[in-house]
J.: 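Before I ask anything, here is the structure I am working with.
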Amino acid sequence: MNSSQLFGITTLAYLLSSAFYLALFVFKNRKLGSVASLLAIAGVLVQTVALGLRWYESYQIGIGHAPLTNMYESLVFFAWCTTLFYLFMEFRFKARVVGAFVMPFAFVAMAYASFAKGINQEISPLIPALQSNWLIAHVITCFIGYGAFAAAGGLGLMYLLKKRANNRNLSAETLTGSLPELRVIDDLIYKTIVFGFMWLSAGIITGAVWANEAWGTYWSWDPKETWSIITWFVYASTLHARFTRGWSGTRIAWLAIIGFIAVFFTYFGVNFLLSGLHSYGAS
Amino acid sequence: MTKKKKNPVWAFFASVKLALFLLFVLAGTSIIGTVVPQNEPAQFYVQQYGASTAAFMQRLGVPDMYNSWWFLGLLALFCLNLIVCSLERIPQAWRLVTRDNLATPVDRLRKMGIRKEVLLKHPLAEAEKEVASHLASHGWKTGRRAVDGGTLLFAQKGAWTRFGVYIVHTSILVILLGAIIGSPTVARKILRSPNFAFKGSVMIPESREADYVWAFQTHEKINLGFTIRCDYFTIEYYANGMPKTYLSKVTILEDGKPVILKDGKTTHYLKVNKPLTYKGVTFYQASYQPYPDFIVTLKNETTGATRTSIIPAGKQINWPDIGASFGIINRETLGEVVRRVKIWFTDNKDKPSRFWIETGREAIIERPSGNFSLMTKQLYATGLQVTKDPGVWFVYVGCGMMLLGLLVAFFMSHRKVWAFLHEEKEGETVVLLAGSANKNKLGFEKRFASLVGSLQR
Ligand code: HEM
């Protein structure tokens with residue numbers, strides 16, 4: 001067994017888990033939900049082993065470094081964080097259907113990492129600029145935040161769906177009947193964003209410290225930095241709108257989705273559409 | 001206070017609506033600079049966008065938008081908003097924290113969302129002791145006051161967490177202050193002292209020194225006030241040819257003498273991600289430049305005579321003191337980096353030798369007059385980025401404050417517990433417990449229930 005086979009199994013587990021969560025959402029059969037959760041747990045366990053193994057493999061070929069240093073590795077780590085965060089949420093708040101809106105993100109990230117053209121899966125040695133513990137801290141903090149924001153975006157979508165169904169008085173019998181109450185979703189969105197905001201802040205700060213260690217500039221307004229601060233502004237205004245102006249419900253749900261679009265652009269758009277210091281996309 | 005509130009200008013800057021508006025506008029306008037390439041020469045914009053659009057962009061400072069008057073203006077407005085808004089609210093928070101909660105009317109307690117009545121079969125004084133010690137054993141240190149018809153006990157936790165928000169807000173100001181203090185532009189134009197804060201770079205060939213750097217934007221020469229010497233520069237590679245380490249060995253000199261730094265050494269290894277700081281000036285390994293020249297060390301093993309010098313390739317060098325003549329007659333390069341050189345060597349006895357040696361390695365040459373040891377190394381200049389940023393510690397402290405403040409603001413709350421005791425019958429005391437929390441009410445409700453539950457038992 002090597003790590004890429006294990007990542008393959010993970011991808012499959014996430015695919016099946018997403019399918020079962022969606023089935024739970026559609027058919028409202030609790031057994032389906034249990035299977036979905038078990039698959040997600042199995043997937044995340046296998047992935048944890050795989051991450052450890054990839055780390056170990058990197059030492060075996062003599063370039064040892066944590067598996068957090070290129071586009072492939074960051075996507076895999078994003079999937080891991082999202083699943084872990086989601087499972088935490090499932091256990092804490094007992095809202096299982098939410099998986100139908102979150103696990104697909106984890107699956108898509110894994111599948112994209114494995115199959116997209118131009119994503120190098122090899123373990124490659126670190127260029128000098130990337131040889132820093134701050135890089136590790138930076139990637140971990142950012143991606144925990146991104147995982148939470150993915151969940152918040154999924155929840156936002158879920159809120160809007162449920163709201164529409166409610167408005168047409170459809171909720172009890174149809175699709176959205178299995179979703180938690182609007183009030184509960186709303187509260188979850190808020191908590192998730194708060195959690196993500198902490199980590200995004202930490203991610204931006206560790207990134208700044210790293211840049212200062214490597215280049216002597218903690219902030220240079222390169223496109224990736226700028227987009228991360230844009231994302232931060234979006235969530236800061238979302239939080240303020242909520243606790244100082246009492247926004248909730250639909251508006252916050254939309255902001256959760258807009259926020260995640262900003263996250264997505266920070267992570268991908270910048271690499272593929274703009275140019276800058278962060279070279280993840282190039283490898 | 002009340003007068004200030006009526007002042008419409010003050011009210012405008014104190015409003016959270018303005019804050020929301022500014023956050024959205026900052027987020028929105030920041031996008032421009034990620035789409036339009038920044039800090040290119042004027043010609044670039046004319047080619048890309050046409051002359052009239054380019055002129056318009058120049059007028060709005062788009063090519064350097066994060067330093068443009070309007071963007072800095074937005075940031076200044078944001079700060080003003082933050083300051084005024086916080087000044088407006090801190091006194092309120094202060095009143096909440098220092099409020100005399102023992103003055104809370106009992107009727108208010110009866111209407112609180114979180115409350116519970118418990119009957120204790122003790123007289124008042126005894127019951128009071130029991131409740132107080134029960135609360136104390138859970139970390140609630142109560143104060144007491146005799147009130148109409150009974151006794152009121154009160155305890156609170158985390159009152160100070162009300163200031164968490166203001167720690168966050170202040171942290172933003174501290175970070176921006178740090179950015180201003182460390183700004184080369186501010187140092188040059190306002191303080192009129194470019195030495196106070198600068199960013200620049202310098203190329204130093206091996207064995208040479210520099211006591212100045214070239215500032216980035218103005219290309220001015222900035223004197224360091226001390227000297228840095230590059231003793232040595234090298235690149236290490238991975239097996240697949242990717243660069244692994246850029247390494248400069250440097251020495252700091254004052255009045256021509258090597259300075260012993262904090263770690264007790266005079267020479268220092270500079271690597272990417274491992275900068276060196278001296279007198280507030282930080283040196284970063286940033287680039288390098290290979291030269292066509294070589295540093296050669298030649299030793300006559302018989303006489304012990306040694307000589308080191310920089311020599312060009314393709315030229316015969318005569319070192320009679322060592323007893324030899326030599327030259328570099330060919331090179332094998334990878335990019336600009338020389339991997340091997342071909343040497344022509346003679347001690348003027350017998351025919352000259354010709355052979356390849358790797359750069360950076362010592363070679364022993366056996367000749368009729370004895371052995372010679374020869375080392376060649378390509379000459380490099382190391383490119384150092386040099387920064388003096390006296391504001392960076394403000395930025396770091398601000399960042400720490402922000403994380404701390406966010407933790408406090410989001411995850412800690414101000415909780416209060418009251419207990420009103422009165423004797424209803426001889427030897428029976430009714431205890432009305434009530435509580436409130438400014439955040440995480442659900443969690444507090446559970447705590448409260450278990451607190452009351454364990455009192456009943
Ligand atoms: C991007 C910058 C900002 C960040 C990161 C930030 C952060 C925060 C945080 C963490 C809270 C506490 C939330 C809670 O109660 O749980 C808060 C509350 C608040 N912020 Fe900000 N803030 C920012 C900018 C501003 C600005 C410019 C204003 C100016 C009006 C402002 C006004 C407020 C107000 C009024 C509160 C509520 C305070 C209270 O509960 O009494 N914030 N902010």
Side-chain angles (χ1 to χ4, degrees), chain A residues 61-63 124-135 187 191 194-195 197-198 201-202 204-206 208-210 212-227 229-241 243-245 247 262 265 269-270 273-276, chain B residues 16-17 19-28 30-31 33-35 37-38 65-67 85 165 168 175 178-179 182 199 235-236 238-240 242-247 271-275 282-286 385-389 392 395-396 398-400 402-403 406-407 409-411 442:
Chain A
I61 57 175
I63 47 184
S124 41
L126 292 182
I127 58 165
L130 298 184
Q131 296 164 10
S132 165
N133 287 333
W134 286 106
L135 167 70
D187 189 52
K191 288 194 167 124
V194 161
F195 182 83
F197 190 72
M198 274 294 309
S201 307
I204 294 174
I205 290 172
T206 46
V209 176
W210 173 36
N212 196 43
E213 290 286 293
W215 296 287
T217 315
Y218 49 81
W219 195 262
S220 55
W221 292 106
D222 101 301
K224 194 132 192 152
E225 286 170 355
T226 308
W227 269 96
I229 204 79
I230 290 170
T231 307
W232 192 74
F233 283 147
V234 170
Y235 284 113
S237 38
T238 304
L239 291 175
H240 281 82
F243 48 62
T244 62
R245 310 218 45 89
W247 284 27
F265 201 81
V270 172
L273 302 175
L274 310 170
S275 61
Chain B
V16 184
K17 268 191 201 159
L20 287 175
F21 172 75
L22 285 174
L23 281 170
F24 276 115
V25 172
L26 279 170
S30 293
I31 298 175
T34 69
V35 178
Q38 296 288 293
M65 73 150 271
Y66 303 107
N67 292 312
C85 181
V165 179
V168 178
I175 291 172
K199 277 190 188 7
I235 311 173
E236 290 164 19
Y238 290 108
N240 71 355
M242 278 170 65
K244 181 179 180 183
T245 315
Y246 301 111
L247 182 84
K271 287 198 254 183
V272 181
N273 275 310
K274 290 262 186 310
T282 307
F283 297 89
Y284 299 84
Q285 182 66 58
Q385 172 159 337
V386 187
T387 301
K388 184 169 176 193
D389 184 347
V392 77
V395 174
Y396 283 1
C399 289
M402 175 178 288
L403 289 180
L406 285 172
L407 267 177
F410 288 144
F411 301 110
L442 236 63

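Chain naming here is simple, since letters A, B, ... match the order of the sequence lines and numbering starts at 1 in each.
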J.: Look up atom CD1 in Ile31(B) and atom CZ in Phe265(A), then write down how far apart they are to the nearest 0.5 Å.
T.: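 One finds 8.0 Å between CD1 of Ile31(B) and CZ of Phe265(A).
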
J.: Among the options Ala214(A), Ala202(A), Gly216(A), pick out the one with the most heavy-atom pairs lying under 4.5 Å from chain B.
T.: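 Option with the greatest count: Gly216(A).
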
J.: Given that the side chain runs from C-beta out, which part of Tyr396(B) has a heavy atom under 4.5 Å from chain A: side chain, backbone, both or neither?
T.: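 Contact with chain A involves the side chain of Tyr396(B) alone.
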
J.: Taking all non-hydrogen atoms of both residues into account, name the closest pair between Ala129(A) and Val272(B) and its distance.
T.: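 That closest heavy-atom pairing would be CA-CG1, 3.6 Å.
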
J.: Report yes or no: does Gln38(B) contribute a side-chain atom to a donor-acceptor pair with the main-chain N or O of Pro223(A) at less than 3.5 Å?
T.: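 No; judged by distance alone, with no hydrogens or angles, the pair does not exist.
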
J.: Is it the case that more than 12 heavy atoms not belonging to Trp219(A) sit under 6.0 Å from its CH2 atom?
T.: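 It does: Trp219(A) CH2 has more than 12 such atoms within range.
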
J.: Output all residues satisfying ring pair (Phe, Tyr, Trp, His ring centres under 6.0 Å) with Tyr218(A), sequence neighbours left out; order by chain, then residue number.
T.: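 With neighbours one apart ignored, the set is empty.
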
J.: Provide the closest heavy-atom pair for Gln131(A) versus Lys244(B) in the form atom of the first, atom of the second, distance.
T.: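 Minimum heavy-atom contact is NE2-O, 2.9 Å.
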
J.: Check the angle between the aromatic planes of Phe410(B) and Phe197(A) and answer parallel, tilted or perpendicular using the 30° and 60° thresholds.
T.: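 Judged by the thresholds at 30° and 60°, the geometry between Phe410(B) and Phe197(A) is perpendicular.
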
J.: Tyr284(B) side chain to Asn212(A) main-chain N or O, any donor-acceptor pair under 3.5 Å?
T.: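 A pair under 3.5 Å: yes.
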
J.: Might you point out which heavy atoms bring Pro243(B) and Pro128(A) nearest each other, and give the distance in Å?
T.: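 Looking at all heavy atoms of both residues, the closest pair is O-CD, 3.5 Å.
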
J.: If I measure from the heavy atoms of chain A, does Lys271(B) come under 4.5 Å with its side chain, its backbone, both, or neither?
T.: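 Neither part.
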
J.: Which of the residues Ile204(A), Thr238(A), Thr226(A), Ile229(A) is involved in the greatest number of heavy-atom pairs with chain B at under 4.5 angstrom?
T.: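 Among the listed options, the one with the most contacts to chain B is Thr226(A).
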
J.: Go through the steps to decide whether Val234(A) and Phe24(B) satisfy the test side-chain contact (heavy atoms from CB on, under 4.5 Å), and finish with yes or no.
T.: CA-CA 7 Å; Val234(A) 170; Phe24(B) 276 115; 5.5 Å; no

J.: Select one option (side chain, backbone, both, neither) describing which atoms of Ser30(B) are under 4.5 Å from chain A's heavy atoms.
T.: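 For Ser30(B), the contact with chain A is made by backbone and side chain together.
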
J.: Is there side-chain contact between Asn273(B) and Trp210(A), with heavy atoms separated by less than 4.5 Å?
T.: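 In contact.
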
J.: State, to 0.1 Å, how close Phe233(A) and Leu23(B) come at their nearest heavy-atom pair, and which atoms those are.
T.: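 So the two residues come closest at CD2-CD2, 3.5 Å.
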
J.: Side chain from CB out, backbone as N, CA, C, O: work out which of these in Leu126(A) comes under 4.5 Å of a heavy atom of chain B, or both, or neither.
T.: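 For Leu126(A), heavy atoms of backbone and side chain both lie under 4.5 Å from chain B.
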
J.: What is the distance from atom CG of Leu20(B) to atom CG of Leu239(A), rounded to the nearest 0.5 Å?
T.: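 Leu20(B) atom CG to Leu239(A) atom CG measures 10.5 Å (nearest 0.5 Å).
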
J.: Between Val386(B), Leu26(B), Ile175(B), which shows the greatest number of heavy-atom pairs under 4.5 Å with chain A?
T.: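 Most heavy-atom pairs within the cutoff with chain A belong to Leu26(B).
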
J.: Indicate yes or no: at least one non-hydrogen side-chain atom of Thr387(B) is less than 4.5 angstrom from one of Thr217(A).
T.: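 The answer is no, as the side chains (C-beta and beyond) never meet within the 4.5 Å cut-off.
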
J.: If you count heavy-atom pairs under 4.5 Å between each of Ser132(A), Pro125(A), Ser124(A), Ser237(A) and chain B, which one has the most?
T.: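 That would be Pro125(A).
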
J.: Please enumerate all residues that pass side-chain contact (heavy atoms from CB on, under 4.5 Å) together with Phe411(B), with sequence neighbours excluded.
T.: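 Applying side-chain contact (heavy atoms from CB on, under 4.5 Å) to Phe411(B) gives Val194(A), Met198(A), Leu407(B).
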
